[in-house]
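Order of the sequence lines fixes the chain letters, A, B, ..., with proteins taken first and strands second; residue numbering starts at 1 for each chain. Small disclaimer: the values here were computed from a predicted structure and weren't measured.
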2 protein chains.
Amino acid sequence: MAEASADRGRTTRQRLLGAAAALIAEVGWGGVSTRMVAERAGVAPGVVHYHFASLPDLLIAASTGVARAMLEELTGRLAEQPDPETGVEWLLGELSRYTGTDPASLLIVEMYLAAARLPDLRDRLHEIVADSRARVAAWLRERGHYAGRPGDAEAAAAVLVAAVDGLVLHRGLDPDLDLTALAGPLRAMVRTDGHEEGGGT
Amino acid sequence: MAEASADRGRTTRQRLLGAAAALIAEVGWGGVSTRMVAERAGVAPGVVHYHFASLPDLLIAASTGVARAMLEELTGRLAEQPDPETGVEWLLGELSRYTGTDPASLLIVEMYLAAARLPDLRDRLHEIVADSRARVAAWLRERGHYAGRPGDAEAAAAVLVAAVDGLVLHRGLDPDLDLTALAGPLRAMVRTDGHEEGGGT
DNA sequence: GGCCGACTTGGACGATTGCCCAAAACTATA
DNA sequence: TATAGTTTTGGGCAATCGTCCAAGTCGGCC
């Protein structure tokens, strides 16, 4: 069989995915053209539509791949933290590496935006976000003391993940925003003593 | 003078701004074309470049106008809340009106995204966000009991505003996300008793 | 009535777009 | 070497884009 041909095709596909992810961050989701991707990947313009049905198809595959890897690494290392309060502190430090204008941040933001208009992408991104929310909630339940009110762990995880995305967003507007200075309120949020009764729904 | 002509021009300009804001939400920042705006506003295609130097110029003016009005109304009514904890609860209720896929939400998200690539827009949006952050912080200082640690009020405001944006973002992915269920953690964050010492920097 | 400035019209320009396809190139098998 | 299967090439297509501009309309002022 043409095994070597298939191999060659697979690496080309990977190069296209990599080039697409980089370009989404550089020029924006709507600014990426098939010719750009092909040139960046070092292949002929037509090759894009051989490996992918359409340009949105390529962009969705490229962005979700990167996003899933990023979020899994972040939540994985967060789950290693001994308790919620130091975990939050660690998270802010980790987040400080993203200026809001670096490729990784931009790719994520672009994806959120495009998801509003591409049902396919929306579903995939929703799955990724729900995944990390569940991981964070599980970690909070395990390392915190939410035994009595598991719903609070879910809620705290939802707010935490949303705050992370929001902070990355705001960091893009204001690179001088000092994330580590925000530890106080976040620690207060995940602290397990001093919860009032009957708070939730 | 041609006073009536100037009046006619002003209303045309307003119609263009309104049409542009609506279209940004409908088809996305990058999806808006001058011809679309002109048609929606009921004028000839060329009129856009008579009233605005370029298409980005028009989009920036349209989006910042709407965003400033929205945020000023929201923070203004938040500042009327008697204390932080009920204020947070009220805020979540208010936020529930935004599904994440409604025009207002989409416009905001589109703006954040475009801001990453348009320095002009980025500066204006930064100003708007910094404004609302300052308003929230002032309200927290006034109605909460942050007298001893004013930095915590700023930090809580920053996290709160970021969480709001993040939640709107996440709501676009998951319309079933129940915002009112998240009151617990947010109340814990803005509560003024039980702060540990030396938390911050 | 004639003049003048502000505003509006609708088409033209060159550039770029996503997608397509016939032909060429390459590799493993017969 | 011939064949079959896969991948790559590079140009072509119709459509859309932002921007511009010469001509036209409109209202108040002399």
Side-chain angles (χ1 to χ4, degrees), chain A residues 1-24 26-63 110 113-114 117-121, chain B residues 1-24 26-63 110 113-114 117-121:
Chain A
M1 272 248 192
E3 190 57 36
S5 289
D7 262 347
R8 195 155 48 101
R10 262 186 288 274
T11 68
T12 299
R13 201 187 132 95
Q14 286 304 315
R15 289 163 63 112
L16 286 174
L17 288 172
L23 282 170
I24 290 171
E26 286 177 33
V27 300
W29 189 281
V32 180
S33 73
T34 59
R35 288 166 178 81
M36 273 185 189
V37 178
E39 188 190 14
R40 175 72 60 101
V43 296
V47 82
V48 170
H49 286 88
Y50 177 79
H51 287 284
F52 298 91
S54 68
L55 179 62
D57 249 45
L58 164 59
L59 299 185
I60 290 174
S63 59
E110 290 283 349
L113 176 71
R117 268 168 253 287
L118 300 174
D120 250 38
L121 177 59
Chain B
M1 275 248 191
E3 191 56 36
S5 290
D7 262 346
R8 196 153 49 101
R10 261 188 287 275
T11 68
T12 298
R13 202 186 133 94
Q14 285 304 316
R15 289 163 64 112
L16 286 174
L17 287 172
L23 282 171
I24 290 172
E26 286 177 31
V27 300
W29 189 280
V32 181
S33 73
T34 59
R35 289 165 177 81
M36 274 184 190
V37 178
E39 188 191 14
R40 175 72 60 103
V43 296
V47 81
V48 169
H49 286 87
Y50 177 79
H51 287 283
F52 299 91
S54 69
L55 179 62
D57 249 45
L58 164 58
L59 300 185
I60 290 173
S63 59
E110 291 284 347
L113 177 72
R117 266 166 259 285
L118 299 174
D120 250 38
L121 176 59

Student: How long is the gap from CG on D57(A) to NE2 on H49(A), to the nearest 0.5 Å?
Tutor: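 D57(A) CG to H49(A) NE2: 9.5 Å, rounded to 0.5 Å.
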
Student: Given T34(A), which partner from the list V47(A), L55(A), L16(A) fulfils the side chain to side chain contact (heavy atoms under 4.5 Å, CB included) test?
Tutor: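 For T34(A), the side chain to side chain contact (heavy atoms under 4.5 Å, CB included) test succeeds with only one of V47(A), L55(A), L16(A), which is L55(A).
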
Student: Nearest 0.5 Å please: distance from the CD atom of E110(A) over to the CZ atom of R117(B).
Tutor: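 Between atom CD of E110(A) and atom CZ of R117(B) there are 4.0 Å.
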
Student: If you find the nucleotide of DNA chain D closest to A44(A) and the one closest to M36(B), which residue's nucleotide is nearer the 5' end?
Tutor: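 The residue whose closest nucleotide sits nearer the 5' end is A44(A).
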
Student: For S33(A), report the nucleic acid contact type (base, sugar-phosphate, nothing); a contact means any heavy atom under 4.0 Å.
Tutor: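 Sugar-phosphate, backbone atoms only, no base.
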
Student: Round to the nearest Å and state the distance from H49(A) atom NE2 to dT17(C) atom P.
Tutor: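 Distance check: H49(A) NE2 to dT17(C) P gives 13 Å.
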
Student: Rounded to whole Å, how long is the line connecting atom CG of L59(A) with atom C1' of dT17(C)?
Tutor: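 It is 14 Å, rounded to the nearest whole Å.
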
Student: Would you say that V37(A) contacts F52(A) through its side chain, given a criterion of any heavy-atom pair below 4.5 Å between the two side chains?
Tutor: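 V37(A) vs F52(A): side chains apart.
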
Student: Give V32(B) one of three labels, base, sugar-phosphate or nothing, depending on what nucleic acid heavy atoms sit under 4.0 Å from its own.
Tutor: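 Sugar-phosphate: the residue V32(B), judged by heavy atoms under 4.0 Å, touches backbone atoms but no base.
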
Student: For V43(A), which contact category applies under a 4.0 Å heavy-atom criterion: base, sugar-phosphate, or nothing?
Tutor: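 Touches sugar-phosphate only.
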
Student: Where along residues 50-58 of chain A does a heavy atom come under 4.0 Å from DNA chain D, residue by residue in number order?
Tutor: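 Heavy-atom contacts with DNA chain D come from Y50(A), H51(A).
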
Student: Considering just the side-chain nitrogens and oxygens of T12(A), establish if one lies under 4.0 Å of OP1 or OP2 belonging to dT7(D).
Tutor: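 For dT7(D), neither OP1 nor OP2 has a side-chain N or O of T12(A) closer than 4.0 Å.
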
Student: Quick one: CZ on R13(B) to OG1 on T11(B), what's the gap to the nearest 0.5 Å?
Tutor: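 Reported value, rounded in 0.5 Å steps: 12.0 Å.
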
Student: Distances under 3.5 Å only, N/O to N/O: pair up the protein atoms with those of nucleotides 11-13 of chain C.
Tutor:
{"residue": "dA12(C)", "atom": "N6", "partner": "R35(B)", "partner atom": "NH2", "Å": "3.3"}

Student: What is the distance, rounded to the nearest whole Å, between atom CD of E39(B) and atom P of dC17(D)?
Tutor: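 Rounded to the whole Å, the gap is 11 Å.
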
Student: Taking all atoms of both residues into account, what is the closest heavy-atom pair of P45(A) and A38(A), and its distance?
Tutor: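 Nearest pair, atom of P45(A) first, then A38(A): CA-CB, 3.6 Å.
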
Student: First locate atom CG of L121(A), then atom CH2 of W29(A), and finally report the distance between them rounded to the nearest 0.5 Å.
Tutor: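 If we round to the nearest 0.5 Å, L121(A):CG and W29(A):CH2 are 4.5 Å apart.
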
Student: Are side-chain heavy atoms of R40(B) and E26(B) found at a separation under 4.5 Å?
Tutor: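 Yes, their side chains come closer than 4.5 Å.
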
Student: With side-chain contact (heavy atoms from CB on, under 4.5 Å) as the test, would you mind laying out the steps for Y50(A) and V43(A) before giving the verdict?
Tutor: CA-CA 12 Å; Y50(A) 177 79; V43(A) 296; over 6 Å; no

Student: Send over the distance from R10(A) CZ to dC26(C) C1', rounded to a whole Å.
Tutor: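 Going from R10(A) (CZ) to dC26(C) (C1'), I get 16 Å.
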
